[in-house]
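Report on the structure given below.
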Amino acid sequence: MNRLDDEILEERLRTTLHRVAASPTPARQRRPRPLLAIALIVVATTGFVAWNALGPGEIDRIPTEQAVSSGIADDGTQWWLIPTSAAIKSCDGRMPGVVFVSAELNRPGQEWNMGGVAYGEPQTSNFACTPPDQANWLNDPTRSSFGHQRLGANNDPGSDIGVYGTVHPSIRTITVTSDVSQPLDVQTVTLPDDPDGPRYAAFTLPNDASRFTLALVAADGSTIATEIVTVGV
Amino acid sequence: MEAETDDPPGIDDVFRVHRDRLVGLARLLTGSRECAEDVVQDTFAAAHARWDTIEDPAGYLTRAVVNRCRDRYRRRLRWQQLPWRRQEVTRLPEIDETWRHLNRLPEPQRQVIVLRYYGDLSFEEIADALERPSSTVRSEHRRALDRLKRYLA
């Protein structure tokens, strides 16, 4: 292209930008984040009324019997991964995904303090009450959403780190490597009411982990995607 | 006598109409669809609490998304160790070539080009969104076009 006049260049820029903006997500490394945590804040500010008997946002009891995964971190903190609809009696019990509950942060009588994830693309700004659209994600096994949080109060840097996420139904294992711990294979689980649907996982890392890698592994052992996470970012 | 129906649009209506455009805009400004989705999600979450006070939702959201993308850019400068991609996205040679060269532009020029040719904003609207003088925006636009012509020649 020897000479390019403004008009042709401008048209080329318009075409390029619109095509790139609309293009699908390539195989990638990305920084996970807590998805539902923001949704919970939105719900709280819109005046939901049906959290539980103790009042808005206060913990009556943690429904640990409904946990799909649980464990005790190296720092001794108990944690659970619970279907959101079991933990939060809002939106007619139809809240999507899971929440990660640290016992240290969630004591009866206090307000809930948890992060969560849901599989798919949000459909409304108040997406806590609206199931995300899973269609695009189900067509792309690399899609996932992860969040992480300190298990202790006030983001205590001495407390361990809880990581939770949701992945494509084909992902059966998440291999975790960090800068301070041995590789860890975490099996993914489904929710009881959606046994063929998206899968979920949670695990903990030592308090001094600053960076970790998640390899999403399918049932045949192939690695579908790799995510690199920087703690606190 | 006709009834007045000037009720401002609800946030969910605005979300449905503008989300894809805003994600596209944020993607072009951040270079990442995941970051773009985060930015737009955060923008709507922040807007939710003060929705009743927002007079021009589309304009407000555009400015908010641009600002959050600029914040991400500044943060990226401080977190150089984070992975960052500049790669083929469409596998259409002319598109990917142009996109690569767009990403070689200095960030202020790239922002102007994205807002002008994806956002279809006037120079005054771009100046407002980027909080820069309109004359500066015009000169950055001119420099960006000249630079792209050299790259693509």
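- Note that OG1 of B:Thr98 is 3.5 Å distant from CZ of A:Arg12, once rounded to the nearest 0.5 Å.
- Nearest approach of A:Ala21 to B:Gly24, heavy atoms of both residues: CB-CA, 3.7 Å.
- To the nearest 0.5 Å, atoms OH (B:Tyr117) and NE2 (A:His18) are separated by 12.5 Å.
- What you find for B:Leu145 and A:Glu10 is that their closest heavy atoms are CD1-OE2, 4.2 Å.
- Applying side-chain contact (heavy atoms from CB on, under 4.5 Å) to A:Leu17 and the options B:Val114, B:Ile95, B:Leu115 leaves one that passes, B:Val114.
- Only the side chain of B:Asp120 comes within contact range of chain A, with heavy atoms under 4.5 Å apart.
- Under the 4.5 Å side-chain criterion, counting only non-hydrogen atoms from C-beta, B:Leu148 is in contact with A:Leu13.
- For B:Leu25, no part lies near chain A; criterion is any non-hydrogen pair under 4.5 Å.
- No side-chain heavy atom of B:Leu102 sits less than 4.5 Å from a side-chain heavy atom of A:Val20.
- Residue-level contacts of residues 135-142 of chain B with chain A, in order of numbering, are B:His141, B:Arg142; threshold 4.5 Å between heavy atoms.
- Atom CD of residue B:Glu97 and atom OG1 of residue A:Thr16 lie 9.0 Å apart, to the nearest 0.5 angstrom.
- Taking CG from A:Asp6 and CG from B:Asp146, the interatomic distance works out to 7.5 Å, rounded to the nearest 0.5 Å.
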